[in-house]
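Notes follow the structure.
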Amino acid sequence: MDYHINPDGYYGSFGGSYIPEILYANVERLREAYLRIVGEESFRKEFRSLLRDYVGRPSPLYPAKRLSEKYGARIYLKREDLNHTGAHKINNTIGQILLARRMGKTRIIAETGAGQHGVATATVCALMNMPCVVYMGETDIARQALNVRKMEMLGAEVRSVTSGNKTLKDACNEAIRDWCCNPADTHYIIGSTVGPHPYPDMVARFQAVISEEIKWQLTEHEGRDYPDYLIACVGGGSNAAGTFYHYLNDTRVKLIAVEAAGHGIDSGESAATIRLGREGIIHGSRTLVMQTDDGQIIEPYSISAGLDYPGIGPIHANLATSRRADVLAATDNEALQAAFELTATEGIIPALESAHALAALAMIPFHPEEVAVLTVSGRGDKDMDTYLSHFGK
Ligand SMILES: *Cc1c(COP(=O)(O)O)cnc(C)c1O
């Protein structure tokens, strides 16, 4: 099972590998090696046991009773917020560090926006005793001081990026630049289903543990292994790709991807890339990009740093344009309201990113017998300052 990728790494007309020549050999070696390595029994065994004993998988599939009553459907929450380091990102970083070691790499680099992927990468580097450099925009460093301190305590070097808007897009550019200078010894751990082939496919495979678990967990609860709806937020698309993975060809299942509308789709301040983007190339991949008529990237905006990205993974660009997935958008205010609602009804404080998925519950015309699984991609600890500044408003 995969996302109908062709041998050149295209999903429909999206994807591919648009990289500087100096990286050709490196990316080619990765492309040749990753399928073989992830198929090896010893790799699978080590990946599985770390997911179980270190990350704490399987993550629960929780039947949310009060939320179900409120929205008139049987709603289940896939609790990626309960993973070690607080989000789904660790599934991917564990997979990639095991791959990097088997490929003989001795140094790890990563980019990060809010710092969640940076922390997940620094964590597995501490675990595997590998040196780690994390590129992070100066603006994000100032906004996410706690995650910066965590990365440093975990032994990573956080390099401040001062180009462009000084946020995630600029950190990606710097990480790619580093990789160009150190292609032989360094593995670049990309944090989402973005970047040149084979990254989107590789990251989706590591996150596919989410839908693999949903299948048997849902069978235990409902006596059938598929829901009527799968709902997930999309930044670059990794938690959604993992949630949808084993259901891609099951047309009984409606796939709902929720992007960040910021102040509103037409406000000029949003990160609704699928709705607003046009075909272009960003960070090594042909996909939908928010851009001006002359191809300049438009700076995205969302209250949630994890969704604040001007591109979208090629998998989701294809799922949307082929109409396999429905794309909804939630504004800052709708997400905040949904976060407070989940906290009050179920006692779960979600990440702001996940709150965008929760906001979509109010937009779907459910029937009472329908089953919906919504992935809570992360926990809200990192967003407490934002929540407190809006509390009671
Ligand atoms: C990074 C992040 C996201 C967005 O990334 P995807 O690759 O789209 O999943 C969503 N939720 C949380 C909690 C995150 O940390």
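Values in this document were obtained by computation on a predicted structure and should not be read as measured data. Start at 1 and go down the list; that is how both ligands and their atoms are numbered.
The salt bridge (Lys or Arg N to Asp or Glu O under 4.0 Å) test with Arg74 singles out one residue from Glu369, Glu370, Glu69, and that residue is Glu369.
Near Ser192, the atoms of ligand 1 lying under 4.0 angstrom from a non-hydrogen atom of the residue are 6 (P), 7 (O). Of all atoms in ligand 1, numbered sequentially from 1 with element shown, those under 4.0 Å from a heavy atom of Gly306 are 4 (C). Close contacts of ligand 1 with Cys233, meaning ligand atoms under 4.0 Å from a residue heavy atom, involve 10 (C). Close approach of ligand 1 to Ser238 (heavy-atom distance below 4.0 Å) involves ligand atoms 6 (P), 7 (O), 8 (O), 9 (O). The distance from ligand 1 to the heavy atoms of Gly378 drops below 4.0 Å at these ligand atoms: 13 (C).
At under 3.5 Å, not a single nitrogen or oxygen of Gln116, backbone or side chain, sits near a nitrogen or oxygen of ligand 1. In terms of polar-atom proximity, Gly236 is counted as a contact of ligand 1, with an N or O under 3.5 Å from an N or O of the ligand. Of the N or O atoms in Ala240, none lie within a sub-3.5 Å distance of an N or O in ligand 1. Backbone and side-chain nitrogen or oxygen atoms of Gly235 are examined, and one is located within less than 3.5 angstrom of a nitrogen or oxygen of ligand 1. For Thr193, no nitrogen or oxygen atom sits less than 3.5 Å from a nitrogen or oxygen atom of ligand 1, counting backbone and side chain alike. Checked by distance only, ligand 1 and Ser354 stay at 3.5 Å or farther apart across all their nitrogen or oxygen atoms.
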Is there a side-chain hydrogen bond (donor to acceptor under 3.5 Å, both in side chains) between Thr186 and Arg107 once you walk through the steps? CA-CA 5 Å; Thr186 297; Arg107 174 176 178 267; 2.9 Å; yes
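With hydrogens and angles left out, the side-chain atoms of Ser238 and His88 include a donor and acceptor closer than 3.5 Å. The closest side-chain donor-acceptor pair between Ser354 and Ser377 falls under 3.5 angstrom. A side-chain donor-acceptor contact under 3.5 Å links Thr292 and Asp294. A donor-acceptor contact closer than 3.5 angstrom links the side chains of Tyr301 and Asp332.
Relative orientation of the Tyr54 and His84 rings is perpendicular, given thresholds of 30° and 60° on the angle between their planes. Between Trp179 and Tyr199, the ring planes lie perpendicular to each other; the angle is over 60°, past the 30° to 60° tilted range.
Contacts with ligand 1 closer than 4.0 Å are made by no heavy atom of His117, backbone or side chain. Counting heavy atoms under 4.0 Å from ligand 1, residue Ala351 touches it through the side chain alone. With a 4.0 Å cut-off on non-hydrogen atoms, Val234 touches ligand 1 through its backbone and not its side chain.
Judged by a 6.0 Å distance limit and a 45° cone about the ring axis, Arg252 is positioned over the six-membered ring of Tyr226. Both cation-pi conditions hold for Lys215 and Tyr247: the charged atom is under 6.0 angstrom from the six-membered ring centre and inside a 45 degree cone around its axis.
Protein heavy atom at the shortest distance from atom 11 (N) of ligand 1 is Ser377 OG, 2.7 Å.
When Lys382, His356, Lys89 are ranked by how near their heavy atoms come to atom 15 (O) of ligand 1, first place goes to Lys89.
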